[in-house]
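A short worksheet on the structure shown next.
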Amino acid sequence: MASTDKPVDTEYSRPTSSAQAPAGVDLFKFDVILRFLLFAASLVSVVVIVTGNETKYIPLPRPAKFRYSPAFVYFVAALSVAGLYSIITTLASLYAIKNPALKAKLLLYFILWDALILGIIASATGTAGGVAYVGLKGNKHVNWNKICNVYDKFCRHVGASVAVALFGSIVTVLLIWISAYSLHSRVPK
């Protein structure tokens, strides 16, 4: 007797069992912790640079404030945006922990938006760091004198703020890495 069954090409056939897509690695709790650290770094950085006002009497009173430098104003604005972003994404991560169906979609969005925020934080940190370096060392080629020997408190505040912002950009890199790893682990092999 001849068989009426057709040969099945196993390479292109779908599995008959009810196999689901792999759940992947769930790092959303670690994600929430890192997003909270990003918020804390942004907040501390903004507060430290904003409170670093100093006035010296060189025969007349000359104040040093972050508002007097466009680089520092950009720094404050960028880190304020990063702080607001970290609050919103922390809430989204907490929501994803409670509603696991949204995790894969949120991971993709987190990678994209985290990369954008990283660019903003890194550019603001680099800009403020460059201006702070000129304030610390000066530039003899263009006759810019150093000012940190006069405004030492203000320069310490700026330096600490830039250092904390650099920590925030490292945290953002870690956020991108764990989101990419979690998304990669959800791809069926």
Side-chain angles (χ1 to χ4, degrees), residues 30-94 106-180:
F30 188 58
D31 184 76
V32 168
I33 293 168
L34 285 177
R35 290 186 188 283
F36 179 74
L37 280 175
L38 177 60
F39 170 71
S42 299
L43 180 67
V44 167
S45 198
V46 167
V47 167
V48 167
I49 197 167
V50 168
T51 60
N53 300 333
E54 185 176 11
T55 302
K56 290 290 182 172
Y57 294 94
I58 319 169
L60 298 172
R62 299 252 181 189
K65 298 181 181 184
F66 83 95
R67 294 189 311 251
Y68 298 161
S69 170
F72 295 151
V73 171
Y74 171 60
F75 180 77
V76 169
L79 286 165
S80 299
V81 167
L84 178 64
Y85 169 77
S86 66
I87 291 171
I88 292 168
T89 55
T90 300
L91 294 175
S93 290
L94 289 171
L106 275 178
L107 285 172
L108 180 62
Y109 291 142
F110 282 167
I111 291 171
L112 296 174
W113 286 104
D114 287 347
L116 177 69
I117 291 296
L118 174 62
I120 292 170
I121 295 172
S123 69
T125 303
T127 303
V131 171
Y133 183 79
V134 170
L136 179 66
K137 300 288 184 179
N139 189 338
K140 295 187 192 251
H141 300 291
V142 291
N143 291 326
W144 291 343
N145 296 327
K146 58 184 177 179
I147 63 160
C148 286
N149 56 347
V150 177
Y151 297 102
D152 55 339
K153 176 190 165 208
F154 178 72
C155 288
R156 281 195 313 271
H157 277 252
V158 170
S161 183
V162 168
V164 174
L166 185 61
F167 171 74
S169 62
I170 292 169
V171 167
T172 310
V173 168
L174 291 175
L175 282 168
I176 294 170
W177 284 353
I178 67 166
S179 295

Whether [X] side chain and [Y] backbone form a donor-acceptor pair below 3.5 Å:
X    : Y    : answer
H157 : I49  : no
S45  : S42  : no
K153 : N53  : yes
S69  : F66  : no
S179 : I176 : no

* Take V164 and V48 through the test side-chain contact (heavy atoms from CB on, under 4.5 Å) and record every step on the way to the result. => CA-CA 9 Å; V164 174; V48 167; over 6 Å; no
* Take D114 and I117, measure what side-chain contact (heavy atoms from CB on, under 4.5 Å) needs, and give me the verdict at the end. => CA-CA 5 Å; D114 287 347; I117 291 296; 5.5 Å; no
* Under 4.5 Å between any side-chain heavy atoms of F75 and S161, yes or no? ->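 Yes, at least one pair of side-chain atoms sits under 4.5 Å.
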Straight-line distance of [X] [atom1] to [Y] [atom2], nearest 0.5 Å:
X    : Y    : atom1 : atom2 : value
I147 : D152 : CD1   : CG    : 11.0 Å
K140 : N145 : NZ    : CG    : 8.0 Å
F36  : L94  : CZ    : CG    : 11.5 Å
L79  : F39  : CG    : CZ    : 12.0 Å
R156 : L136 : CZ    : CG    : 12.5 Å
Y109 : T89  : OH    : OG1   : 15.0 Å

* Is it the case that more than 12 heavy atoms not belonging to Y57 sit under 6.0 Å from its OH atom? -> no
Closest heavy-atom contact between [X] and [Y]?
X    : Y    : answer
V76  : V46  : O-CG2, 3.9 Å
S169 : I121 : CB-CG2, 3.8 Å
D31  : L175 : OD1-CD2, 3.3 Å
E54  : F154 : OE1-N, 2.9 Å
V32  : S93  : CG2-CB, 3.5 Å
V158 : A132 : CG1-CB, 3.6 Å

* Modelled atom types, side-chain donor and acceptor of Y74 and S123, under 3.5 Å -> yes
